[in-house]
Amino acid sequence: MPYEVTATRRRPKTFDELVGQEFVAATLRNSLESGQIAHAYLFSGPRGCGKTSAARILARALRCETGPTASPCGVCAQCAEISRGASMDVLEIDGASNTGVNDVRQIKEEVLFPPSSGRYKVYIIDEVHMLSNSAFNALLKTIEEPPPNVVFIFATTELQKVPATIRSRCQQFNFRLISVETITALLANACKEMGIEAEDEALFWIARESTGSCRDAYTLFDQVVSFSRGHISTELIREKLGLVGLDKLNEFAEACAAADLGCSLSLIDGLLSSGVAVETFIADLAGYYHSLLLLKAGITREALLGYPPARFSGAVLEKYDAIRLERAGELLYALHRDIRYSVSPRFELETLASKLCWLEKWVSPPELASAVAQARQTLGGSSRPLSEGNCSVSPDAGEFPKEMPGGGQSGEAGGGQPASLSAEFSRYMATKTTPRPHEGRMPVASAPAHAAGPANEAPAGEGAGLAPAVQKVLEVFQGTIVEENHE
């Protein structure tokens, strides 16, 4: 007996076997049992989720010798012919190869003839969105008022490309992606059927890589089976397919959390030397930090994390908060988008490792805004003394002066426009900072706080005073807040 791929061998033949599409199966089953059969159906959804299989099951249910029935027998002549693709009255048409008006004209002529056997003639047009506008227009009248013994079933992966005039004449069914748990169970059944031993983690990895497509999962499963020799293990998959395991991801993330750039670069060199692609490592690392972010949010569902929660590094989770994990994800996703245009993808990856090593010191915009607000409140609205070195802010200084130099109010420039925080801060510190009585030198804050040059710097050492600190604050926050809104 010739070899048959798993996706074909395990194609669902009844509505009960159509996993992951319970709503579609229940609706079609109820319509068949009640005799409310539409003249046109439109199945849409991602690849490999059961659209063509559902169309064949519906055709078999309509033409079964015991039907129309929601449970076709699968053994009668009509069911057997449809299963083999040899039925003269069930025509599967590739929309990508039959896009013109002449192809539709042929269909319009054929529907006038009754089926050669059975009750219904069924037309299954796959990838219907590939038809031209002229072909769609030629179909309008036919699918709206076809002969009573003709049923059209359209399948597409791009529903938005199907004209609204076509969609309004069909019963629409949206197929969904299949969950990772469901695909894992299907793969386990396939292993049992074939007598193959498989680790749960290996099957879970195959199901996750399929991204919700059952056909993709079976295709990858056949590839893994071909080199596993009867035993599918995670280590074997990682070795043969050049994948990055969770242990390596944990090790790399821990090195970055410890700011050990040398170790992280050494790990990158080892992974790339073992055959791991740069794009694969970036994608896996992005998924790793995404899983850490989910754990920070209290999500422990293994289907979302990809691995049991206990297998993720506790040191990395303790080191980073949610904001820095989000930042790591942003860096990785941006690199994954730009890597195809890079002159040296490896250098880009190593640069990313350097950025991750100082991720703990990164300051987010909300944190920066909060620091500025706290500094403004402390320096501008508090009556408590603020001292450093040999200079102090007078405790009786109070709030900002209502009259500012130039005739403007506090918070406004001389021309009546809102002043920047740095300018307001400079004027405030110039009026508030005084020398201590036992010091004989001039106040260091008498010069403008934003002035540059050695002449305005206080002496180094313990007696440096407050003015150098003010100067540093202004250098950091200069221009951060351009203007303030005053009610």
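For the residue pair Thr69 and Cys64, the shortest heavy atom distance occurs at CG2-CB, 4.2 Å. When every heavy atom of Gly100 is checked against every heavy atom of Ala135, the shortest pair comes out as O-CB, 3.8 Å. Taking each heavy atom of Ala138 and Lys108 in turn, the nearest pair found is O-CD, 3.5 Å. Taking both residues in full, the closest heavy atoms of Val19 and Leu186 are given as CG2-CD1, 3.6 Å, listed atom of the first, atom of the second, then distance. Summarising the geometry of Ala328 relative to Leu356, their closest heavy-atom pair is CB-CD2, 3.9 Å, with the distance given to 0.1 Å. Closest non-hydrogen pair, Gln78 versus Gly118, comes out as NE2-N, 4.1 Å.
Remark: Glu350 engages Arg346 in a salt bridge, criterion side-chain N to carboxylate O under 4.0 Å. Using a 4.0 Å cut-off between charged side-chain N and carboxylate O, Glu17 and Arg10 make no salt bridge. Using a cut-off of 4.0 Å between Lys/Arg side-chain N and Asp/Glu carboxylate O, Glu144 and Lys141 are scored as not salt-bridged. Of the charged side-chain nitrogens involved, none lies within less than 4.0 Å of a carboxylate oxygen, so that Arg9 and Glu4 do not count as a salt-bridged pair. Taking a cutoff of 4.0 Å between a charged side-chain nitrogen and a carboxylate oxygen, Arg340 and Glu279 do not qualify as a salt bridge. Under a 4.0 Å N-O distance rule, the pair Glu127/Lys51 does not qualify as a salt bridge. Between Asp247 and Arg311 there is a salt bridge, with a side-chain nitrogen of the basic residue lying less than 4.0 Å from a carboxylate oxygen of the acidic one.
Side chains of Tyr41 and Leu28 form a contact here, defined as non-hydrogen atoms less than 4.5 Å apart. The closest side-chain heavy-atom distance from Ile232 to Ile237 is below 4.5 Å. Side-chain contact between Met194 and Phe221: present, with at least one pair of heavy atoms (C-beta onward) separated by less than 4.5 Å. Side-chain contact between Phe15 and Ser71 is absent, with no heavy atoms from C-beta onward closer than 4.5 Å.
The neighbour count for Glu197 CD, taken as heavy atoms of other residues, nucleotides or ligands under 6.0 Å away, does not exceed 12. A 6.0 Å sphere centred on NE2 of His129 holds more than 12 heavy atoms belonging to other residues, nucleotides or ligands. Within a 6.0 Å sphere centred on NZ of Lys355, other residues, nucleotides and ligands contribute 12 heavy atoms or fewer. Around CZ of Phe23, the count of heavy atoms belonging to other residues, nucleotides or ligands within 6.0 Å does not exceed 12. By the neighbour-count criterion of 12 heavy atoms within 6.0 Å, atom CE of Met88 is sparsely surrounded, having that number or fewer from other residues, nucleotides or ligands. Other residues, nucleotides and ligands contribute at most 12 non-hydrogen atoms within 6.0 Å of the CZ atom of Arg176.
Looking only at distances, a side-chain donor or acceptor of Ser213 sits under 3.5 Å from a matching main-chain atom of Arg47.
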Legend entry - Worked verdict on Ile206 versus Tyr218 for side-chain contact (heavy atoms from CB on, under 4.5 Å): CA-CA 9 Å; Ile206 295 174; Tyr218 282 137; over 6 Å; no
Inset, instruction - Start with the C-alpha distance between Gln36 and Ser31, add both sets of side-chain angles, then the distance that settles side-chain hydrogen bond (donor to acceptor under 3.5 Å, both in side chains), and finish with yes or no. - result: CA-CA 5 Å; Gln36 298 176 351; Ser31 64; over 6 Å; no
Inset, instruction - Take Thr351 and Ser354 through the side-chain hydrogen bond (donor to acceptor under 3.5 Å, both in side chains) test and state the conclusion after the steps. - result: CA-CA 5 Å; Thr351 304; Ser354 177; over 6 Å; no
Legend entry - Test side-chain contact (heavy atoms from CB on, under 4.5 Å) applied to Lys161 and Thr156, step by step: CA-CA 9 Å; Lys161 293 185 178 181; Thr156 178; over 6 Å; no
Legend entry - Residue pair Gln171, Thr27: steps toward the side-chain contact (heavy atoms from CB on, under 4.5 Å) verdict: CA-CA 11 Å; Gln171 285 192 10; Thr27 305; 5.5 Å; no
Inset, instruction - Decide side-chain contact (heavy atoms from CB on, under 4.5 Å) for Cys79 and Ile82; before the verdict, give the C-alpha distance in whole Å, the side-chain angles of both, and the deciding distance to 0.1 Å. - result: CA-CA 5 Å; Cys79 292; Ile82 296 173; 5.9 Å; no
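Asn174 pairs by the side-chain contact (heavy atoms from CB on, under 4.5 Å) definition with Ser44, Leu159, not counting sequence neighbours. A search for side-chain contact (heavy atoms from CB on, under 4.5 Å) contacts involving Ala40 returns Phe152, Cys170, not counting sequence neighbours.
Note: Phe43 and Phe173 have perpendicular aromatic rings, judged against thresholds of 30 and 60 degrees for the angle between ring planes. Between Phe312 and Tyr307, the ring-plane angle classifies as perpendicular under the 30° and 60° cut-offs.
Aromatic rings of Phe154 and Tyr123 (six-membered ring for Trp) have centroids beyond the 6.0 Å cut-off, not under it.
A distance of 8.5 Å separates CG in Asp103 from CG in Leu131, rounded to the nearest 0.5 Å.
A side-chain donor-acceptor contact under 3.5 Å links Thr234 and Glu199.
Residue pairs meeting the salt bridge (charged side-chain N to carboxylate O under 4.0 Å, His left out) criterion with at least one partner in residues 315-325, sequence neighbours excluded, are Lys319-Glu360, Asp321-Arg324, Arg324-Glu367.
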